[in-house]
Each structure stands twice: as C-alpha cells, then as structure tokens.
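See below for the structure under consideration.
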2 protein chains.
Amino acid sequence: METLAKTTAADVTACLKAVSDPTRLLMMKLVETNELCVCQFVEMFGMSQPAISQHLRKLKQAGLVKENRKGQWRFYSLNQDSVHAPLLQNILSHIEEADPQLLALRAKEAPVDCC
Amino acid sequence: METLAKTTAADVTACLKAVSDPTRLLMMKLVETNELCVCQFVEMFGMSQPAISQHLRKLKQAGLVKENRKGQWRFYSLNQDSVHAPLLQNILSHIEEADPQLLALRAKEAPVDCC
DNA sequence: TCAGTATATAACCATTTCGTTATATAAGTC
DNA sequence: GACTTATATAACGAAATGGTTATATACTGA
C-alpha cells in the first residue's frame, strides 16, 4: 500500500526553488522519461553551455537529477531515488504534453554524436 | 469523472515562483483550510507588516489567494477557483502536518480582535 | 471631524539569481 | 604528447528578490 511521501516545508521549498525557473522546469520535464546530455540541452534551449551547466548543477545539488557519464558525455535524468521525486513528478504531471514551448524543445532534440 | 487540470509550463512556473519562498509556502499551507488576516500573519511570522503585505500581494497577483474584506480587516484564503489550485493543493499535501515550523506557526495563531 | 487601527505602497538596501565571457578539467583521437 | 571535444568552474554584471523604514489610504468609533 502506497502512502504519500511527506516532507517538511523546508524540503518542499528546496525542491520548488530548484524548479521554479522556466528553463529548469522544462529541463526536468524533458528528463522525466529520457536521459539527455549537456550538449543536447545547449542545442534545445539555444543557451550558452555554461548557462546550461549551471542550471544542471542546481538541479543536481537539489538531488532532482542524477548524472550518468559515458565517455566525454554526461547524461542527466530524473532521480527516482530523491525524497523530492514524488512531489516533482506530481508537479510535472500538471504540464500538458501539448505545451508549445515543450513541443518546440522536443523538436530540437538531436542525437548526441552531432554535437 | 475528474481529469487532471493541465496547464502550460509557463503557468506552472508562475505558480511555483509564487510559492518557492519559505514564508509564502507556509502562508499557503496555513490558509489551505482557515482564512487569516494580515495582522495574524504578522504575529505568527514575527515579520514586519509591510513584509507580510508584500508576500500576500505576490500570492494574490499569482491568483493563489482570494481576499475577503471585513471592516478594517482583510482575510486571505486559498483561491479554489484558480487554475493553479489543483497543483497548489498537490504541493501542499507533501508538507507533513507534524512539521515543527508549521506547528510553531499554528501555535502562535491568535484571534483577530487581539491585534 | 478627529483619532486610532489595519493595511497598502514607496523608497531604499543587501543579497541572490541568471546570464555572459574567459578559463580549467577531463576524455577521445591522432 | 598535442589537438579536439564535452563539460565544469570562475569572475563579473544586470536584474530580481526580500527585507527594512517611512508614508499613504481606508475603515471605525468617539
């Protein structure tokens, strides 16, 4: 029997601060299912590589994503083991798949070796 | 049959920005059931009246709370009619009732006429 | 009308946030 | 080892955030 994972208000705030930025929220939506590497994010968001790296660092420090190194690449994906995972997935479920911003990003997703 | 209210990523971000502050998140938790007036928040949070007013303004501008004027007092409560209400209540449900911060605030709740 | 109380707004300041450019680190290739 | 590619970190600046104090507004009651 599943019970709702409960946390303190401070925990919830920490999670919310991490995803209350439009770029980071969309990043989390994108890695909800797939894993993506830094260079893919750079392509999709049209943002500088350091900007992307810094967003990912915040998400990682909050425990929301996990890192998976493959050669020179670092892939990021949703960290299911986080205490925040249930809340996070709850939040992400409120974003409609038809959101134009989200669709536009997904349209720019390219295979890794192209970077 | 209830279907999950879906919104754009921008909508979700707007809601999250409003409640990603520790004071405002706790404010929302407090008005989830009760309605509270400004002077009660001031007492509970031990913060200046303008600071409280400004937090409430942000919550109101995001549509998360509604205002109810009674004489000189303005009571705030969760706005059930907001597009954000389902997401918001989802978020609030992740805060445990036993959270010491929350309990401490509730312990300071005083009747209105005392202010 | 005047005084008191409740709340909002304005002006200001310190800190944080989010981007940039420049540079460092680490892995892959020749 | 030298060169390229992928990523991280450092340093910096503009804008946003969240608090303060001072002041304005609005309702209450004598």
Side-chain angles (χ1 to χ4, degrees), chain A residues 9-10 13-28 30-31 35-62 64-77 101 109-115, chain B residues 9-10 13-28 30-31 35-62 64-77 101 109-115:
Chain A
T13 302
C15 178
L16 295 182
K17 277 184 75 72
V19 292
S20 62
D21 172 85
T23 302
R24 289 196 296 273
L25 181 68
L26 286 164
M27 283 177 143
M28 290 310 307
L30 292 169
V31 298
E35 63 174 12
L36 290 169
C37 78
V38 178
C39 64
Q40 289 176 302
F41 285 119
V42 171
E43 280 291 317
M44 295 165 92
F45 285 93
M47 204 174 279
S48 72
Q49 176 268 315
I52 294 295
S53 245
Q54 283 159 24
H55 280 305
L56 287 169
R57 181 169 52 183
K58 287 195 182 180
L59 292 174
K60 200 175 163 217
Q61 280 174 345
L64 304 189
V65 294
K66 60 183 176 193
E67 193 182 278
N68 178 19
R69 302 195 186 193
K70 290 184 194 167
Q72 345 172 230
W73 294 279
R74 299 196 189 182
F75 288 85
Y76 291 90
S77 56
Q101 264 195 293
E109 188 176 335
V112 179
D113 52 64
C114 78
C115 300
Chain B
T13 302
C15 177
L16 296 182
K17 278 183 74 73
V19 292
S20 63
D21 172 85
T23 301
R24 289 195 297 274
L25 181 67
L26 286 164
M27 282 176 143
M28 290 311 306
L30 291 170
V31 297
E35 65 174 11
L36 289 169
C37 79
V38 178
C39 65
Q40 288 176 304
F41 283 120
V42 171
E43 279 290 318
M44 294 164 93
F45 284 93
M47 205 175 278
S48 72
Q49 176 268 315
I52 295 295
S53 245
Q54 283 159 24
H55 280 305
L56 286 169
R57 181 169 54 183
K58 286 197 180 177
L59 293 174
K60 200 177 163 212
Q61 280 175 345
L64 303 190
V65 295
K66 60 184 175 193
E67 193 183 277
N68 178 19
R69 303 195 184 192
K70 290 184 193 168
Q72 342 173 233
W73 294 279
R74 300 197 189 181
F75 287 84
Y76 291 89
S77 56
Q101 264 196 294
E109 188 177 335
V112 179
D113 52 63
C114 79
C115 301

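Every side chain to side chain contact (heavy atoms under 4.5 Å, CB included) that A:S77 has, sequence neighbours left out, goes to A:E35, A:K66. Remark: A:R74 pairs with A:E67 by the salt bridge (Lys or Arg N to Asp or Glu O under 4.0 Å) rule, at least two apart or across chains.
In this entry the distance linking CZ of A:F45 with P of C:dG19 reads 10 Å, nearest Å. Rounded to a whole Å, the NZ atom of A:K58 is 14 Å from the P atom of D:dT9. Atom P of nucleotide C:dG4 and atom CH2 of B:W73 are separated by 17 Å, given to the nearest angstrom. Here D:dG18 presents its P atom at 10 Å from CG of B:L59, a figure rounded to the nearest Å. Residue B:F41 contributes atom CZ, which lies 16 Å from atom P of C:dA6 at whole-angstrom precision. Protein atom CD of A:Q40 is 18 Å distant from nucleotide atom P of D:dT5, rounded to whole Å.
For B:Y76 and C:dA8, the shortest distance from a side-chain N or O to OP1 or OP2 is below 4.0 Å. For C:dA8, the OP1/OP2 oxygens have no side-chain nitrogen or oxygen of B:R57 closer than 4.0 Å.
A cation-pi arrangement is absent between B:K60 and B:Y76, since the terminal nitrogen or guanidinium carbon is not both under 6.0 Å from the aromatic centre and inside a 45° cone about the axis.
Judged by distance alone, the side chain of A:Q40 and the main-chain N or O of A:E109 form no donor-acceptor pair under 3.5 Å.
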Steps toward side chain to side chain contact (heavy atoms under 4.5 Å, CB included) verdict (A:V19, A:L64)
CA-CA 9 Å; A:V19 292; A:L64 304 189; 3.6 Å; yes
Pair A:K17-A:K58, side chain to side chain contact (heavy atoms under 4.5 Å, CB included): steps then yes or no
CA-CA 10 Å; A:K17 277 184 75 72; A:K58 287 195 182 180; over 6 Å; no
Side chain to side chain contact (heavy atoms under 4.5 Å, CB included) between B:M44 and B:L36: does it pass, once the steps are laid out?
CA-CA 11 Å; B:M44 294 164 93; B:L36 289 169; 4.3 Å; yes
Under the side chain to side chain contact (heavy atoms under 4.5 Å, CB included) criterion, do B:V38 and B:W73 qualify, and how do the steps go?
CA-CA 8 Å; B:V38 178; B:W73 294 279; over 6 Å; no
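End-to-end axis angle for the helix from C:dT1-D:dA30 to C:dA27-D:dT4, using five pairs per end and rounding to 10°, comes out at 20°.
Going from atom OG1 of B:T23 over to atom CD1 of B:I52 covers 7.0 Å, rounded to the nearest 0.5 Å. Atom CG in A:L59 sits 9.5 Å away from atom CG in A:L25 (nearest 0.5 Å). Here the straight-line distance linking atom SG of A:C37 with atom CG of A:N68 works out to 11.0 Å at 0.5 Å rounding. Taken from CD in A:Q49 to CD in A:Q54, the straight-line distance is 9.0 Å, to the nearest 0.5 Å.
When each of B:K17 and B:F75 is assigned the nucleotide of DNA chain C bearing its nearest heavy atom, the one mapping closer to the 5' terminus is B:F75.
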Distances for protein N or O near nucleotides 25-30 of chain D N or O, under 3.5 Å:
none

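Across all strands, B:K60 comes closer than 4.0 Å to no nucleic acid atom at all (heavy-atom distances).
Proximity of residues 19-26 of chain A to DNA chain D (heavy atom under 4.0 angstrom from any strand atom) is not detected for any residue. Of the residues in residues 48-55 of chain A, those placing a heavy atom less than 4.0 Å from an atom of DNA chain C are A:S48, A:P50, A:A51, A:Q54, A:H55, in numerical order.
Between B:L56 and B:M27, the closest side-chain pair of non-hydrogen atoms falls below 4.5 Å. For the pair B:F45 and B:L30, the minimum side-chain heavy-atom distance is below 4.5 Å.
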